[in-house]
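It should be emphasised that the depicted structure is a prediction, and the values quoted were computed from it without experimental measurement. Computed from heavy atoms alone, side chains included, the values below leave out hydrogens, waters and symmetry copies.
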Amino acid sequence: MPELPEVETTKRGIAAYAKNTLIQQVIVHNPRLRWPVDLTRTKQLAGQIIHSVQRRGKYLLFFCDYLHFIIHLGMSGSLRMTQHDEHIKKHDHIQLVLDNQQTITFNDPRRFGCFIVTPEPLNHKLITKLGVEPLSADFHANYLYKRLQNKKINIKQCIMNSQWLVGVGNIYANEALFLSGIHPLRPANSLSHSECLLLVQQIKQILRTAIRHGGTTLKDFINAQGKPGYFQQTLNVYGRANKPCHHCGNLLHETRINSRSTVFCSVCQHLNINQTPA
DNA sequence: ATTGGAACCTGGTGGC
DNA sequence: TGCCACCAGGTTCCAA
């Protein structure tokens, strides 16, 4: 489900309720996630104050007194604030009961997400290997251009590589490439510097817009208040295979890149460096 | 070192 | 209706 905008939306929603609250109780309904939840450490979160909620890539970092926790929502996870006496739903895995009558509930049907308690989140191997934040000043045309040199694989896989660039998942990779007029199968080292500049600008733009709209919603993204995002109506290519391109009217093509659905316009998105970006 | 593919799961959808 | 195959927003791990 979640790409960067959805995780950011979740972070803001949860932080508004959870910041500076005391964790009174931790309930683990089902420890089976991507990695088994460490029950002993997780229980030790009780009695600690949540000082801040931060996001790094698609990871949520909760900073408490001395033990902290990392949450990844995987493909289908969500966090929502619930009332203390509310009934749990199917696939509610973990609940953190706060001292303000609110509860943070982690739900994840496919169990690709994770919940990790650690004394040093920023030094955790999942976090240290992450690449630049797309909305930071560190992500610029020079950075991307240098990264792409000597790379023969296609550009789509590159912008989805979290060791280089975090937060761009399948939806926004499709969308950003369309907006940049770059064919997803273009060899990475064939992009010109100006194309890198355009691609960087479009990635930043689409992520900012999606955050402003509260995240995308394809099937079941819900924010911390349990409400869906409203970005899907503005998607140009994702989920629109065989429908007319919003730009030129030709039918959009679909292919698979790394077994991920890839939709593009063969007219507007160019395979050659010589063609002018749309 | 790089790259492609399988694996981890459940749920929804569409075809027969 | 029911059964079955296939697909899904992510990431890790393994083998070539």
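With 3.5 Å as the limit, one finds a donor-acceptor pair spanning the side chains of A/Ser261 and A/Glu254.
A pairwise comparison of heavy atoms in A/Phe178 and A/His247 identifies CZ-CB, 4.1 Å as the closest pair.
Residue A/Asn258 places its side chain closer to B/dG4 than to any other of B/dG4, B/dG11, C/dT11. When distances are taken from the side chain of A/Leu126 to each of C/dT12, B/dC9, C/dG10, the shortest belongs to C/dT12. Listed nucleotides C/dG10, C/dG9, B/dG4 differ in distance to A/Ile171; the shortest reach to its side chain belongs to C/dG9. For A/Trp35, the listed nucleotide lying nearest its side chain is C/dT12; candidates were C/dT12, C/dG10, C/dA8. Distance from the side chain of A/Arg256 is smallest to C/dC7 among C/dT11, B/dG4, C/dC7.
Taking the side chain as every heavy atom from C-beta outward, A/Asn250 and A/Pro244 never approach each other to under 4.5 Å. Put simply, the side chain of A/Trp35 reaches to within 4.5 Å of the side chain of A/Leu126, judged on heavy atoms.
In this model, the phosphate group of B/dG11 is approached by a side-chain N or O of A/His91 to a distance below 4.0 Å at OP1 or OP2. Taking only side-chain nitrogens and oxygens, A/Ser261 comes nearer than 4.0 Å to OP1 or OP2 of C/dA8. For A/Lys90, a side-chain nitrogen or oxygen approaches OP1 or OP2 of B/dG11 to under 4.0 Å. Considering only side-chain N and O atoms, A/Arg111 lies nowhere under 4.0 angstrom from the phosphate OP1 or OP2 of B/dC8. Checking the phosphate oxygens (OP1, OP2) of C/dG9, no side-chain nitrogen or oxygen of A/Tyr172 falls inside 4.0 Å. Here A/Arg260 reaches the OP1 or OP2 of C/dG9: one of its side-chain N or O atoms lies under 4.0 Å away. At least one side-chain nitrogen or oxygen of A/His72 sits closer than 4.0 Å to the OP1 or OP2 atom of C/dT11.
What separates CD of A/Glu6 from P of C/dG10 is a distance of 9 Å, to the nearest Å. Spacing between atom CG of A/Leu33 and atom P of C/dT11 amounts to 15 Å, rounded to whole angstrom units. We find that CD1 of A/Ile127 is positioned 14 Å from C1' of C/dG10, with the value rounded to whole Å. Rounded to an integer number of Å, the gap from CZ of A/Arg34 to P of B/dT10 is 14 Å. Rounded to whole angstrom, the span from the CH2 atom of A/Trp164 across to the C1' atom of C/dT11 amounts to 17 Å. Between the CZ atom of A/Phe112 and the C1' atom of B/dG11 there is a distance of 12 Å, rounded to whole Å. Atom CD1 in A/Ile116 sits about 12 Å away from atom C1' in C/dT12, given to the nearest Å. In this structure, A/Arg110 places its CZ atom 8 Å from P of C/dG9, rounding to the nearest Å.
Counting only Watson-Crick and G-U wobble pairs whose two distances sit under 3.5 Å, DNA chain C takes part in these stems of three or more pairs: B:2-8 with C:10-16, B:10-16 with C:2-8.
Across C/dC7 and B/dG5, the matching P atoms stand 15 Å from one another, rounded to whole Å. When the P atom is compared between B/dA6 and C/dC6, the two are found 13 Å apart, to the nearest whole Å.
Using a cut-off of 4.0 Å between Lys/Arg side-chain N and Asp/Glu carboxylate O, A/Lys43 and A/Asp38 are scored as not salt-bridged.
Legend: salt bridge (charged side-chain N to carboxylate O under 4.0 Å, His left out) pairs involving residues 128-140 of chain A, not counting sequence neighbours, sorted by first then second residue: A/Arg55-A/Glu133, A/Arg56-A/Glu133.
Remark: A/Asn150 CG is loosely packed, at most 12 non-hydrogen atoms of other residues, nucleotides or ligands lying under 6.0 Å away.
Aromatic ring centroids of A/Phe264 and A/His253 lie under 6.0 Å apart. You'll find the ring centres of A/Tyr59 and A/His72 inside the 6.0 Å limit. A distance below 6.0 Å separates the ring centres of A/Phe115 and A/Phe69.
Checking A/Leu252, A/Leu251, A/Leu235 one by one against A/Arg240, the side chain to side chain contact (heavy atoms under 4.5 Å, CB included) holds for a single residue, A/Leu252.
Within residues 148-163 of chain A, no residue places a heavy atom under 4.0 Å from DNA chain C.
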